[in-house]
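Reading through the structure tokens given below for one structure.
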Amino acid sequence: MHILVFGRTGQVARALQDLMAAKPDGALASTLTFLSREEVDLTDPQACSDAIIARAPDAVINAAAYTGVDAAETDTDQAHKVNAEAPSAMARACASQDIPFVTISTDYVFDGSGTAPWSPDDSPQPLGVYGYSKLAGEKAVRAAGGRFAILRTSWVFSAYGQNFVKTMLRLAETRDSLTIVGDQIGGPTAAADIAAACLRLAQCLAADPDRAGLYHFSGTPDVSWADFAREIFRQAGVSCMVTPISSADYPTVAKRPLNSRMECELTAQTFQIERPDWTISLAHVLKQLEQA
Ligand SMILES: NC(=O)C1=CN([C@@H]2O[C@H](COP(=O)(O)OP(=O)(O)OC[C@H]3O[C@@H](n4cnc5c(N)ncnc54)[C@H](OP(=O)(O)O)[C@@H]3O)[C@@H](O)[C@H]2O)C=CC1
Ligand SMILES: Cc1cn([C@H]2C[C@H](O)[C@@H](COP(=O)(O)OP(=O)(O)O[C@H]3O[C@@H](C)C(=O)[C@@H](O)[C@H]3O)O2)c(=O)[nH]c1=O
Ligand SMILES: [Mg+2]
């Protein structure tokens, strides 16, 4: 299978490159081509669909997005173009070629109310522009139909780009204590685990279009950001005290959902992909960072 991937420099796309490098030829049963912003700017939906038609891949994975949660609040147009209009164009191009289209969405489509894990059937109510733009992308992809899979995930971390793990390690270099939000609960998810899941979804959709749909996929156990920080420092052998605070005591431009728990049973039943143990994935990421 030849898979075209948007978002070459991002965490998930970089993890897909690692997967390719780690598997001997053929073991992945796929070859991947990666597109960067220089090759296709997602603010140009026509360029997105032209790239798919021109390259005629067997499947497409969209790992690109506008992920600046706070910046999006004052950059609505750009966030909407990249997170809604681009996936819409990609999905329509893939549907016209009857090839799988896998795109990634977020727990931030939910309003974070309650404490029950969110089911894929629950109705989202985003709190901010980023979540809203991602939800608009989901709706457009579903409207395009075809062999689509929307994979909602949360709290992505890796050795690449910007993420909470790298932020914590950086802050702890100059601080022996940090105040971290303790009332937002979710499942940290390694980009490597998402990458493997995206590959599997693309391969399964090529064989069975009836599995098209919306799925949840996050690491387990669910924790607060403060707990996540404590585990990062514990595994990294960094002595930095974490004091949990309320979201109100850590004002950010965009509000974050308190409850980001996601119910992932349908993904396990449909694709035999269980929630990964993020503490194990974290150990691999820390080792990668050490060796970098
Ligand atoms: N990060 C997280 O915690 C979470 C992410 N997700 C979702 O997972 C997916 C992957 O996220 P992640 O790997 O963290 O993303 P990153 O923020 O690491 O990377 C985003 C990628 O999108 C590219 N991109 C952004 N704007 C454009 C544009 N206008 N044209 C072309 N490319 C563009 C970036 O390119 P460049 O490097 O040039 O800017 C980069 O390659 C996204 O759909 C995201 O919404 C879901 C839940 C949590
Ligand atoms: C750096 C820092 C953050 N925090 C809090 C703020 C916030 O509520 C939480 C996470 O901070 P960040 O801004 O790093 O994480 P954030 O960019 O909000 O992460 C989100 O990214 C988008 C793309 C997603 O889709 C979400 O699933 C989620 O992963 O930690 C502290 O409490 N103390 C700190 O020192
Ligand atoms: Mg962020």
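Both ligands and their constituent atoms are indexed starting at 1 by order of listing.
For atom 34 (C) of ligand 2, the closest heavy atom belonging to the protein is Y250 OH, 3.3 Å. Ranking protein heavy atoms by distance to atom 30 (N) of ligand 1, first place goes to L42 N, 2.9 Å. Here the protein heavy atom with the shortest distance to atom 27 (O) of ligand 2 is D107 OD1, 2.6 Å. Regarding atom 30 (O) of ligand 2, its nearest protein heavy-atom neighbour is F164 CE1, 3.7 Å. At the top of the distance list for atom 12 (P) of ligand 2, counting protein heavy atoms only, stands R256 NH2, 4.4 Å. V156 CG2, 3.4 Å is the protein heavy atom nearest to atom 4 (C) of ligand 1. Among protein heavy atoms, atom 22 (C) of ligand 2 sits closest to V69 CG2, 3.6 Å. Closest to atom 23 (C) of ligand 1, if we only count protein heavy atoms, is A64 CB, 4.0 Å.
In this structure, of D249, V181, T179, the residue bringing a heavy atom nearest to atom 33 (N) of ligand 2 is T179. In this structure, of V40, N83, I104, V12, the residue bringing a heavy atom nearest to atom 8 (O) of ligand 1 is I104. For atom 6 (N) of ligand 1, the nearest non-hydrogen atom from the set Y130, Y160, F157 belongs to Y130. Comparing F228, W225, Y130 by heavy-atom distance to atom 15 (O) of ligand 2, the nearest is W225. Which of A195, G68, A65, G7 comes nearest to atom 20 (C) of ligand 1 through a heavy atom is settled by distance: it is A65. For atom 32 (N) of ligand 1, the choice among R8, R37, Q11 with the nearest heavy atom turns out to be R37.
In this structure, CG on L214 lies 5.0 Å from CZ on R142, to the nearest 0.5 angstrom. Between T179 atom OG1 and I245 atom CD1 the span is 4.0 Å, to the nearest 0.5 Å. Atom-to-atom distance recorded for Q11:CD and T67:OG1 is 8.0 Å, nearest 0.5 angstrom.
There is no side-chain donor-acceptor pair under 3.5 Å between S119 and D122. In this model, a donor atom of one side chain and an acceptor atom of the other lie less than 3.5 Å apart for D183 and S247. A donor-acceptor pair shorter than 3.5 Å can be found between the side chains of R92 and S88. Side-chain atoms of S154 and D107 form no donor-acceptor pair, as typed in the model, at a separation below 3.5 Å.
Between T9 and ligand 1, at least one N/O pair is under 3.5 Å apart. When only interatomic distances are considered, the shortest N/O to N/O separation between D41 and ligand 1 falls below 3.5 Å. Residue K134 places at least one N or O, backbone or side chain, under 3.5 Å from an N or O of ligand 1. Between A63 and ligand 1, not a single N/O pair is under 3.5 Å apart. Among the atoms of Y108, some N or O lies under 3.5 angstrom from an N or O of ligand 2.
Between T33 and the choices E39, H2, R8, R55, the side-chain hydrogen bond (donor to acceptor under 3.5 Å, both in side chains) rule is met once, by H2. Of the candidates W155, F157, W225, F164 forms a ring-ring contact (aromatic ring centres under 6.0 Å, His included) with just one, namely W225.
Only the side chain of T106 comes within 4.0 Å of ligand 2, judged by heavy-atom distances. In L171, the part holding a heavy atom less than 4.0 Å from any atom of ligand 2 is the side chain. Contact annotation: for Q184 versus ligand 2, heavy atoms closer than 4.0 Å belong to the side chain alone. Under 4.0 Å from ligand 1, the heavy atoms of T67 that appear belong solely to its side chain. The backbone and the side chain of W155 each have at least one atom closer than 4.0 Å to an atom of ligand 2 (non-hydrogen atoms only). Residue-level proximity to ligand 1 for W155 is carried by the backbone, the only part with a heavy atom below 4.0 angstrom.
Residue-ligand proximity: G10 is placed with a non-hydrogen atom under 4.0 Å from ligand 1. A heavy-atom separation below 4.0 Å is found between S105 and ligand 1. Within the structure, ligand 2 has T167 among the residues with a heavy atom less than 4.0 angstrom away.
For ligand 2, the atoms lying closer than 4.0 Å to a non-hydrogen atom of T67 are 23 (C). Atoms of ligand 1 lying under 4.0 Å from at least one heavy atom of T153, given by number and element, are 46 (C), 47 (C). Annotation for ligand 2: atoms under 4.0 Å from non-hydrogen atoms of S154 are 27 (O). Residue contact check: V82 has heavy atoms under 4.0 Å from atoms 26 (N), 29 (N) of ligand 1.
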Please walk me through it: do E231 and R234 pass salt bridge (charged side-chain N to carboxylate O under 4.0 Å, His left out)?
CA-CA 5 Å; E231 179 62 9; R234 186 189 71 79; 2.9 Å; yes
Before you tell me yes or no, could you show the steps for M168 and V242 under side-chain contact (heavy atoms from CB on, under 4.5 Å), namely the whole-Å CA-CA distance, both residues' side-chain angles and the distance that decides it to 0.1 Å?
CA-CA 10 Å; M168 289 298 110; V242 173; over 6 Å; no
I would like to know whether I99 and I52 meet side-chain contact (heavy atoms from CB on, under 4.5 Å); could you show each step before the answer?
CA-CA 10 Å; I99 59 171; I52 293 167; 4.3 Å; yes
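Using a cutoff of 4.0 Å between basic side-chain nitrogens and carboxylate oxygens, D70 and R256 are scored as salt-bridged. Ion pairing of D41 with K81 is absent here, as no side-chain N (NZ or NE/NH1/NH2) approaches a carboxylate O to less than 4.0 Å.
Between L42 and N62, some side-chain heavy-atom pair lies under the 4.5 Å cut-off.
Around atom NZ of K255, no more than 12 heavy atoms belonging to other residues, nucleotides or ligands sit under 6.0 Å away. Environment of CD in Q288: crowded, with over 12 heavy atoms of neighbouring residues, nucleotides or ligands closer than 6.0 Å. Enclosure of atom OH in Y160 by more than 12 non-hydrogen atoms of other residues, nucleotides or ligands within 6.0 angstrom is indicated.
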